[in-house]
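One-based numbering, in listed order, for ligands and for the atoms of each.
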Amino acid sequence: MKKDYQPTSAYALQLDAQDKLASFREAFLIDDPNLVYLDGNSLGRLPKAAIARAKQIVEEEWGRDLIRGWNKGWWEAPSRVGDKIGKIIGAGEGQTLVGDTVSLNLFKLATAALMLQPNKTRILTDTFNFPSDLYVLQGIKQNLDNRHEIVLIGARDRDITPDLAALEDAIHEDTALVTLSHVVFKSGYLYDMQRITELAHAKGALVLWDLSHSVGSVPVHLDDCNADFAIGCTYKYLNGGPGAPAFLYVNKSIQEKITSPIWGWWGQKNPFDFDLEYTPAPGAQRFLVGTQPMISLLTMEAALEPTLQAGMDSLREKSILMTDYASYLTSNLLAPFGFSLGSPLDSAQRGSQISIRHEDGYRINRALIEEMNVIPDFREPDNIRLGFAPLYTSFGEVWEGFDRIKRVMEEKRYEKYPKQKLTVT
Ligand SMILES: *Cc1c(COP(=O)(O)O)cnc(C)c1O
């Protein structure tokens, strides 16, 4: 961490003045300048380009083109937009497809990986994974006659860092699949993709990375790491809009060896022959199932532009400065009120979010949302998550967020809220 940070608004504004990405904030709709939005890790802000594009898709393409739209770019959209996302995650063309949800894509790819290796029974993941991912794995196990064992690696410390030694020990010759969230949702811990993938491959296991919290927030190099599979969200740091379709990646080297567990016409070799028998489409295309949500998918395509323009290396540089400064503010402004950092101190092990922990975290989070015009989110048992989206979050906003948290504590504003969690944020 840099040494000369200062806990003042003037200092934060100075960081803004030096920020080479500052002008990207203008590319987003920000109608309430007083709102401190620190939840871009759950739902990114709205890019202005997406507003214009959504209007065009609805009025011109849907409204006038009607069915002709499928011949004017809709049909190819999953692979065209997939290749654009490929540029953000270090994937060469023909390996990334957009469609369905993260959970569904996990189901398809993890099942395919297990079916490819019928003699191996071990699935390795960790307690840091997103619960939906664990549920999907449990369901797959049930569907495949309960032959598999799901091994859950735990934490090394206060739920901040996974137990890497235990993870490495647990990769055996009978491990079929290692599947992890690249950046974990609660603490923001960032796995070393290269290392884990190499270790798994050395034992003959396949690796599937969930990039939901890392795509658009940290550089990802799927091809260079020789990852087998990946899945991820487009509505978090990619700003694709609520419920925008997810993506999946299948490394070229195994595309022809595996089949999807769901055979649909979008994954059929010649869908317009309307054959009565299924033949898989070549490549990753076979993992598509049926008609995709075009309005949402094409709006998301436009929303990718700021990320593609800024580039992941510049975004990462700013993101590290933001999470470093936020960690500094946590210890300088908030520690006296009983807060502690719930994320790795070392930026090399951290995504673009930090968690700050407090036993009254739930009530403090409510007070921030209801009274202070600050939007973080709360994750059990005591984490207030603060997400920093380097495209549009300013250092002034980070400072303002911490200053308002401090005010909630000084004025004990949280005391009037119930201790129990009753709502979704
Ligand atoms: C956000 C997120 C999801 C969401 O899955 P959906 O099926 O799109 O709702 C899944 N996994 C991880 C790791 C996430 O962060």
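- The shortest separation from a heavy atom of Ala246 to ligand 1 is not under 4.0 Å, leaving the residue out of contact.
- Atoms of ligand 1 lying under 4.0 Å from any heavy atom of Asp133, numbered from 1 in the order shown and given with element: 10 (C), 11 (N), 12 (C).
- Between the side chains of Tyr191 and Asp126, at least one donor N or O lies within less than 3.5 Å of an accepting N or O.
- For Glu256, the CD atom sits in a packed shell: over 12 heavy atoms of surrounding residues, nucleotides or ligands are nearer than 6.0 Å.
- Residue-to-ligand polar distances place Lys236 within reach of ligand 1: an N/O pair is separated by less than 3.5 Å.
- Other residues, nucleotides and ligands contribute over 12 non-hydrogen atoms within 6.0 Å of the CD atom of Glu76.
- The closest side-chain donor-acceptor pair between Ser352 and Ser217, if any, does not fall under 3.5 angstrom.
- For Ser132 and Ser103, the side-chain atoms include at least one donor-acceptor pair closer than 3.5 Å.
- In the vicinity of Ser181, heavy-atom distances shorter than 4.0 Å reach the ligand 1 atoms 13 (C).
- A donor-acceptor contact closer than 3.5 angstrom is absent between the side chains of His358 and Asn383.
- Against a heavy-atom cut-off of under 4.0 Å, Val102 is close to the following atoms of ligand 1: 5 (O), 6 (P), 7 (O), 8 (O), 10 (C), 11 (N).
- Scanning the protein heavy atoms around atom 13 (C) of ligand 1, the nearest turns out to be Asp210 OD2, 3.2 Å.
- Counting heavy atoms under 4.0 Å from ligand 1, residue Tyr235 touches it through the side chain alone.
- The shortest heavy-atom distance from Ser132 to ligand 1 is not under 4.0 Å.
- Close contacts of ligand 1 with His213, meaning ligand atoms under 4.0 Å from a residue heavy atom, involve 15 (O).
- The cationic atom of Lys236 (NZ for Lys, CZ for Arg) lies less than 6.0 Å from the six-membered ring centre of Phe130 and within 45° of the ring axis.
- Using a 4.0 Å cut-off between heavy atoms, Ser103 contacts ligand 1 through both its backbone and its side chain.
- Residue contacts with ligand 1, taken as heavy atom pairs separated by less than 4.0 Å, do not involve Leu104 at all.
- Proximity to Cys233 (heavy-atom distance under 4.0 Å) selects the following atoms of ligand 1: 1 (C), 2 (C).
- A donor-acceptor pair shorter than 3.5 Å cannot be found between the side chains of Asp360 and Tyr362.
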